[in-house]
Amino acid sequence: SAGSSSGILEKVVKLAPVLAATWLFFSAMNLQKKYDLEKAGVFPGIAGANAALIIGEVVLLLHPVSDLYYYGAGIISILCTCLTLFAVVRRYNLMATRPLPSFFDRKGGDDRG
C-alpha cells in the first residue's frame, strides 16, 4: 500500500512541472491573442522552455535503455533553451530601445511662417 501511494506521488511530482508549463503556454497564447506580437512577444521564449521541459520529462518517465536517448534529449533541450535565451534577449532589446528622434519634423518658430 505504501509503495503504490509513493509511486503515485512520484508520478504527480514528475508531471507537476509539465502541467505548470502547459498553463504558462496557454497563458502566453492568450496574451498574444489579446495584444499583438510586438507587445506580447513572450510566445517564442515560452515555447522553447516548454519544449525543453517536456522532452526532459518524457525521457525521465520512459527510462530508455540506450544512452543515446538521454544525449539526444539533452542536446535538444540545450537548443530549446538557446531559443528561449535568444527570445528573451530580443524582447529585452525591443523594450530597452527608444525610437529615433525626428529632426526634420519641426513645428514651431519660423518653420510655419
| said: Could you tell me if the side chain of His63 sits less than 4.5 Å from the side chain of Tyr70, heavy atoms only? | reply: yes
| side chain to side chain contact (heavy atoms under 4.5 Å, CB included) involving Leu60 - partner list, sequence neighbours excluded | Lys14, Glu57
Would you give the length of the straight line joining atom [atom1] of [X] to atom [atom2] of [Y], rounded to the nearest 0.5 angstrom?
{"X": "Leu85", "Y": "Ile78", "atom1": "CG", "atom2": "CD1", "result": "12.5 Å"}
{"X": "Thr84", "Y": "Leu79", "atom1": "OG1", "atom2": "CG", "result": "11.0 Å"}
{"X": "Ile55", "Y": "Asn50", "atom1": "CD1", "atom2": "CG", "result": "11.0 Å"}

| task | Please report the shortest heavy-atom distance between Ala52 and Thr81, naming the atom on each side. | result | CB-OG1, 4.1 Å
| note | Cys80 and Gly48 have their tightest heavy-atom pair at CB-O, 3.2 Å
| Side-chain heavy atoms under 4.5 angstrom apart, residues restricted to Ile, Leu, Val, Met, Phe, Trp, Tyr: same cluster for Leu68 and Ile76? | no
